[in-house]
Protein chains: 2
Amino acid sequence: MYYSIGEVSNKTGIAISTLRYYDREGMFPNMERSHGGIRVFSDKEMATLRVIDCLKTTGMSIKDIKQFLHWCQEGDPSLVKRRDLFYERLEEVKKQIAALQKTMHTLNYKCWYYDTAVTLGNEDMVKNLPLEKIPEELRDYKI
Amino acid sequence: MYYSIGEVSNKTGIAISTLRYYDREGMFPNMERSHGGIRVFSDKEMATLRVIDCLKTTGMSIKDIKQFLHWCQEGDPSLVKRRDLFYERLEEVKKQIAALQKTMHTLNYKCWYYDTAVTLGNEDMVKNLPLEKIPEELRDYKI
DNA sequence: TTAGAACCTAAAGTTAGCTTTATGTCAAGA
DNA sequence: TCTTGACATAAAGCTAACTTTAGGTTCTAA
């Protein structure tokens, strides 16, 4: 299947200007063009966009994603580098999830804090509540 | 306890220039200064830094965090707004965790993919592997 | 009292990741 | 064939979140 830039934009929700920017950055090596110079996206480029999305979510920069995509072009000699990269990204994502989970606990504490304050109509009373009045599971996340 | 900007930077790992930038942005309303004009961070500012870190992790912009900190200054009338903000951030963080977990599955697929390719010394063989040769728990995350 | 480390400000600079603008070409239907 | 909407490029512009620079002031320990 082949797609115009507008179709790709509609299917993925990625802005046309962004797709052109990615192309300019070399994220679609050997993407085809029509005789008149118009970009022709194939399923290969669609797959690339999914990889870009995945790696972007892990916090990788466009520059580094581009590097990875070029390793893909090199074929088998870069297999180990590419494998190592995914293991690194996996570790990174685990760290990010852990950080978010910690943050989630803090947010739960804050939700309890403000719920209580709104109920009492007064923040100071919550501020001065003794520790044992804070729900046990939230105590450690007081901030 | 009181701290100089350098001490705060050491304790938190936040660059001095960043602390000054936050101050310039108004994130530390009524922070004290020494007679000579030198910033004096108290435990209140340290707590603010923890809140900033929490909200930044949820993806909030500095501008919006500043807004929240100003609501804090307003006292009880803004309690509901502040509570609602934390519930929003909680939802946001849940979404982020879900996205990261999905990404983690994809990364696990890729790790398996490249492990196999490295073992075989050949990517094409993995590419053409029938679906049932992909570990069951990874099949849905093929990309 | 003096050296130098640590602090201060204002303003300019940096980087990533796009988006916008200006101008022009291509392609498909009436 | 003509129109018009979708495409093209190059270059400039934008925003967030800092960081750097330049030049000066304050504080502390010898």
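In what follows, chains carry the letters A, B, and so on, assigned in the order in which the sequence lines appear, proteins first and then strands, with residues in each chain numbered from 1. We use all heavy atoms of the structure for the numbers below, so side chains are in, but hydrogens, waters and symmetry mates are not.
- Applying the 4.5 Å side-chain rule to ILVMFWY residues, one finds Y2(B) in the same cluster as V40(B).
- What you find for I16(B) and G6(B) is that their closest heavy atoms are CD1-CA, 4.1 Å.
- Note: CD (E25(B)) to P (dT15(D)) measures 14 Å, nearest angstrom.
- T12(A) places a side-chain N or O within 3.5 Å of a backbone atom of V8(A) that can act as its donor or acceptor partner.
- Side-chain atoms of S4(B) come within 3.5 Å of backbone N or O of E7(B) as a donor-acceptor pair.
- Its side chain outside the 4.5 Å cluster rule for every partner, I38(A) clusters with none of the Ile, Leu, Val, Met, Phe, Trp and Tyr residues.
- A side-chain donor from one of D115(A) and Y87(B) sits under 3.5 Å from a side-chain acceptor of the other.
- Residue H35(A) contributes atom NE2, which lies 12 Å from atom C1' of dA27(C) at whole-angstrom precision.
- For R20(A) (side chain) and A15(A) (main-chain N/O), no donor-acceptor pair under 3.5 Å exists by modelled atom type.
- Checked by atom type, the side-chain pair T48(A)/E45(A) shows no donor-acceptor distance below 3.5 Å.
- Comparing the end axes of the helix from dT1(C)-dA30(D) to dA30(C)-dT1(D), each fitted to five base pairs by superposing C1' atoms of four pairs onto the next four, gives an inter-axis angle of 0° (nearest 10 degrees).
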Note to self: Please determine whether salt bridge (charged side-chain N to carboxylate O under 4.0 Å, His left out) holds for the pair K94(A) and E91(A), giving the CA-CA distance in whole Å, both sets of side-chain angles, and the decisive distance to 0.1 Å.
What the structure shows: CA-CA 5 Å; K94(A) 283 177 185 169; E91(A) 286 316 302; 3.7 Å; yes

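- Phosphate contact (OP1/OP2 of dC18(C), side-chain N/O of Y22(A), threshold under 4.0 Å): present.
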Under 3.5 Å, which N/O atoms of the protein pair with N/O atoms of nucleotides 6-12 of chain D?
residue, atom, partner, partner atom, Å
dC7(D), OP1, S4(A), OG, 2.9
dC7(D), OP1, G6(A), N, 3.1
dA8(D), OP1, R39(A), N, 2.7
dA8(D), OP1, R39(A), NH1, 3.0
dA8(D), OP2, R20(A), NH1, 2.5
dA8(D), OP2, R39(A), NH1, 3.1
dA8(D), O5', R39(A), NH1, 3.4
dA8(D), O3', R33(A), NH1, 3.3
dT9(D), OP1, R33(A), NH1, 3.0
dT9(D), OP1, R33(A), NH2, 3.0
dT9(D), OP2, R39(A), NH1, 3.1
dT9(D), OP2, R39(A), NH2, 2.6

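- Phosphate contact (OP1/OP2 of dC7(C), side-chain N/O of S34(B), threshold under 4.0 Å): absent.
- Below 30°, between 30° and 60°, or above 60°: for F68(B) and Y114(A) the angle between ring planes is above 60°, a perpendicular geometry.
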Checklist line | ring-ring contact (aromatic ring centres under 6.0 Å, His included) between F28(A) and F41(A), intermediate numbers included | finding: CA-CA 9 Å; F28(A) 309 118; F41(A) 289 75; 5.6 Å; yes

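- Distance alone, capped at 3.5 Å, is enough to place a donor-acceptor pair between the N128(B) side chain and the D124(B) backbone.
- Taking every heavy atom of residues 50-73 of chain A and every atom of DNA chain C, pairs under 4.0 Å involve K56(A), S61(A), I62(A), by number.
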Give me the distances for all protein-to-nucleotides 28-30 of chain C N/O pairs that come in under 3.5 Å?
none

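- Nearest heavy-atom pair, D76(A) versus E123(B), reported as atom, atom and distance to 0.1 Å: OD1-N, 2.9 Å.
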